[in-house]
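Proteins come first, then strands; the chains are lettered A, B, ... in the order of their sequence lines, and each starts at number 1.
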Protein chains: 2
Amino acid sequence: MDKVKKVRNREIRISDLALELGLTKGTISRALNGYEDISKKTRLRVIEAANKYGYVPSTPARRLALGLSETIGIVLPKISSQPVNTFVSEFINSISSNLNKYGYDLLVHTNESDAFEVEPYQRLVKSRKVDGFIIFRTLKKDKRVDYLLSENFPFVTYGRTARIMEHDWFDIDGEKAFEEATSHLIKMGHKRISFIGGGKEFFSAQFRIQGFRKMIGKSNLEKKHCVEMPGDLSGKGGEIAAHKLLEQKFPPTAILCSNDATALGVIKIAKELGFRIPEDLSVLGYDGIALGGYMDPPLSTLSFSIEECGREVVDLLINRLKEPKKPFKSKIAFANLQLRGSDGENS
Amino acid sequence: MDKVKKVRNREIRISDLALELGLTKGTISRALNGYEDISKKTRLRVIEAANKYGYVPSTPARRLALGLSETIGIVLPKISSQPVNTFVSEFINSISSNLNKYGYDLLVHTNESDAFEVEPYQRLVKSRKVDGFIIFRTLKKDKRVDYLLSENFPFVTYGRTARIMEHDWFDIDGEKAFEEATSHLIKMGHKRISFIGGGKEFFSAQFRIQGFRKMIGKSNLEKKHCVEMPGDLSGKGGEIAAHKLLEQKFPPTAILCSNDATALGVIKIAKELGFRIPEDLSVLGYDGIALGGYMDPPLSTLSFSIEECGREVVDLLINRLKEPKKPFKSKIAFANLQLRGSDGENS
DNA sequence: AATGTGAACGAAACCGGTTTCGACTAAGAG
DNA sequence: CTCTTAGTCGAAACCGGTTTCGTTCACATT
């Protein structure tokens, strides 16, 4: 691979500034970085000159000298996995915006193979391109977490893992969310409530199904009519599960889905099979994607703030970088039942 | 702001390797970078040792020495602008994946104020954090383009600008797309076809409306029944425009929308007003978002490959970096009419 | 045997910052 | 009028690579 020609930039360097002011670069550097041993007079002189000439320190040079990259890495799965969701873009948006506040940059890397491979993380660690990671879509046994822990490399997860006590994390309380959703459906008089899960590999799937089971268990509904179906968090997965559920002799009157995409698939098939929504069938999703509001009927869902997710993980990670020794922190946020129209009373 | 403590990494450095092998770091460097003046024997010895010890060059050091950041920047608008679309995440996914092939990283920055401000670009240029930019959602008169051209800084746009001959760009042929869509509707027997535009600030809006006008002009339809409405590329904008269009004495029998979000808003209002789709009203969108397929009826749209968009802009930019003097290149791709169910014959 | 040649590597400068340490100066203390 | 001391700044090392230039040595040449 032929090299990119280097075009030394004509940007002003610290030595230019030093020459101009008759100082040494060490002094310039300390003046700009607020050291106490620089007189107020020269500090002001330096700052003024820096502004005048538009001096901005060379990031590569700073990074080398400081031994820091001031960059956080995030590894995305290949898009194919969830093309239906705006989560990733909103999450990245929030993360980068919040990182910028702290003077950090966001490096986005796309995984070529599997989203959970360790390899891209290794490369980024060894090449010293990032100071920390944000990991999302966590697994219970997560190799990425294992690797970074073994390297003692800073990171935070969005989502819990089996090693919850050994790292910082932020998560939405999926269990509680599905408890709420389930009891809402029970209150609405539904007797046959089904659940479509998804992404069993994700730890989050367990919490969601637990919430469902817990409330079904507490109720006096007939368990055999409250079926749990597997899914894959895609619209297609919802379609398949819906076929199986709705073609039963006693089909559910309400279906709780692990995410909105699944719910959309369910609604599609339900309509094809002649179910009216919400009269014959209530459908609840999870994610709160904006497009759900434009469905017919508008999708009822559990929504949460992605902006908050980004902000929280960034705060946790920055604190970790600042104080590596501090005990690990975690935070849980809640999803809100957003009833828009795809759910109703059981008649 | 207190500084992050520096934890000098225990990663192996080039000097460690040099010591270990009894060579100098210059020799190690040249051996690993394929210089001709290193004997095959030592080259192999060096490579072997590098693998054995897991040596990976420090990126900050390389970047400083090379005067390159090997990083491409992209500045995202604050999410509020288009929460309905998966474009951004797919685009980023494709870009980062394609950049990785060339050994480049992707730096994602989020604009705090306006998407079209120059300021974040300036900061990234002056701090030497990136070697080039990918700009999207271009304006006809684009300050970002003006700035980067004035600095002679490499970039490529996704979307055309007024200074089309002065930079590399990739775009979808919006004019042709809307020509096709319009003539499709004409062929289906529609006599009253309306258009809802959007994002007038974007250059792309002009091409789309031009395509519409051109085909309406060529036809013998009554122009007064082929209304053009403004929009803002949001669902809300579609709703507002739909109200105005459909509450006319002679409402359109087909509405062509500048994007899918708008089309969803239109469909929502149309249904509320009692229009059956597609029997009473055909609606066409643009973008090809996956979720459109789950609408009722599934949204007909003009779709294109976002992966391709990412790949093309990356190729253009990398070539520019490799050969800064070459004449500018551009490429146009086409959108495909994807008829899913929201359009039909005019009865 | 002296000279020329090319292959292979070492030495050192350089990239542009940061940080430690020491020197100088002026003011305050005795 | 010396001696400290604090306040300022310069000098230089350092971060970890890359690259230029020159040296060394083996070997072929005459």
Side-chain angles (χ1 to χ4, degrees), chain A residues 3-46 49-50 53-70 103 126-129 131, chain B residues 3-46 49-50 53-70 103 126-129 131:
Chain A
K3 303 248 170 82
V4 169
K5 266 172 223 107
K6 92 168 117 183
V7 185
R8 280 287 162 209
N9 27 37
R10 47 300 175 207
E11 302 290 340
I12 184 166
R13 291 154 303 195
I14 198 169
S15 56
D16 298 331
L17 218 53
L19 205 64
E20 179 71 23
L21 294 174
L23 297 169
T24 61
K25 45 181 203 165
T27 303
I28 305 284
S29 174
R30 279 170 305 172
L32 293 173
N33 289 320
Y35 276 63
E36 290 301 327
D37 65 346
I38 302 292
S39 74
K40 189 164 186 176
K41 195 175 130 199
T42 47
R43 184 201 317 288
L44 291 177
R45 211 159 61 93
V46 169
Y53 294 105
Y55 168 71
V56 176
S58 156
T59 306
R62 282 200 73 223
R63 289 179 176 170
L64 175 57
L66 289 170
L68 292 172
S69 67
E70 293 175 315
K126 299 213 73 109
S127 61
R128 281 152 276 188
K129 284 182 178 174
D131 293 337
Chain B
K3 303 249 171 77
V4 169
K5 265 171 223 107
K6 91 169 121 184
V7 184
R8 281 287 162 211
N9 26 37
R10 48 297 177 211
E11 303 290 339
I12 186 166
R13 292 155 302 197
I14 198 168
S15 56
D16 299 329
L17 219 53
L19 204 64
E20 178 72 23
L21 294 176
L23 297 169
T24 62
K25 46 181 202 163
T27 304
I28 306 284
S29 175
R30 279 169 305 176
L32 292 173
N33 290 319
Y35 277 62
E36 289 302 327
D37 64 348
I38 302 292
S39 75
K40 190 163 187 177
K41 195 176 130 200
T42 48
R43 182 198 320 287
L44 292 177
R45 210 158 63 93
V46 169
Y53 294 105
Y55 169 72
V56 177
S58 156
T59 306
R62 281 199 72 220
R63 288 177 176 171
L64 176 58
L66 260 44
L68 292 172
S69 67
E70 293 175 316
K126 298 210 72 103
S127 61
R128 281 151 277 187
K129 284 183 178 175
D131 293 339

Taken to the nearest whole Å, CD/A:Glu11 to P/C:dC15 is 16 Å
*Counting N and O atoms only, with roles assigned by atom type, does the side chain of B:Arg30 sit under 3.5 Å from a partner on the main chain of B:Gly26, one being a donor and the other an acceptor?*
yes
Are any of B:Arg128's side-chain N or O atoms less than 4.0 Å away from OP1 or OP2 of C:dG17? yes
Taken to the nearest whole Å, CZ/A:Arg63 to P/D:dC15 is 19 Å
Between B:Thr42 and C:dC9, does any side-chain N or O lie under 4.0 Å from OP1 or OP2? yes
Between CD1 of A:Ile38 and P of C:dT19 the distance, given in whole Å, is 13 Å
Quick note, A:Lys25 side chain, CB onward, closest among C:dG10, D:dC9, C:dG17 is C:dG17
**Prompt:** Given D:dG10, is OP1 or OP2 found less than 4.0 Å from the side-chain N or O atoms of A:Thr24?
**Reply:** yes
Here the pair of heavy atoms bringing B:Tyr55 nearest to B:Leu32 is CE2-CD1, 3.6 Å
Correct closest heavy-atom pair for B:Lys129 and B:Ser69 would be O-OG, 3.2 Å
Open item on the list: Students often get this wrong, so: under 4.0 angstrom with heavy atoms, is B:Leu23 touching a base, only sugar-phosphate, or nothing?
Closed with: sugar-phosphate
Ranking C:dC21, C:dG10, D:dG16 by distance to the side chain of A:Arg30, first place goes to C:dC21
Looking for any heavy atom pair under 4.0 Å, which part of the strands does A:Thr59 touch: base, sugar-phosphate only, or nothing?
nothing
How would you label the contact of A:Ser29 with the nucleic acid (heavy atoms, under 4.0 Å): base, sugar-phosphate, or nothing?
-> base
A:Arg43 atom CZ is separated from D:dT8 atom P, nearest whole Å, by 9 Å
Per atom distances to the B:Leu66 side chain, the nearest of D:dC9, C:dT18, D:dT19 is D:dT19
key: Donor-acceptor under 3.5 Å (A:Arg43 side chain, A:Ile38 main chain)   = yes
Ranking D:dT19, C:dC9, D:dC9 by distance to the side chain of B:Tyr35, first place goes to D:dT19
Here the distance between atom P of C:dG6 and atom NZ of B:Lys40, to the nearest Å, is 22 Å
Q: Please answer whether the main-chain N or O of B:Arg128 pairs with a side-chain N or O of A:Thr59 as donor and acceptor at a distance below 3.5 Å.
A: no
In whole angstroms, the gap separating P of C:dG16 from CG of A:Asn33 amounts to 18 Å
| said: Can you see if the side chain of A:Arg62 gets near the phosphate of C:dT18 - specifically, an N or O under 4.0 Å from OP1 or OP2? | reply: yes
Taken to the nearest whole Å, CG/A:Leu68 to P/C:dG17 is 17 Å
**Asked** According to a strict under-4.0 Å criterion, is A:Thr27 in side-chain N/O contact with OP1 or OP2 of D:dG10?
**Response** yes
To the nearest angstrom, the CZ-P distance between A:Arg45 and D:dT8 comes to 14 Å
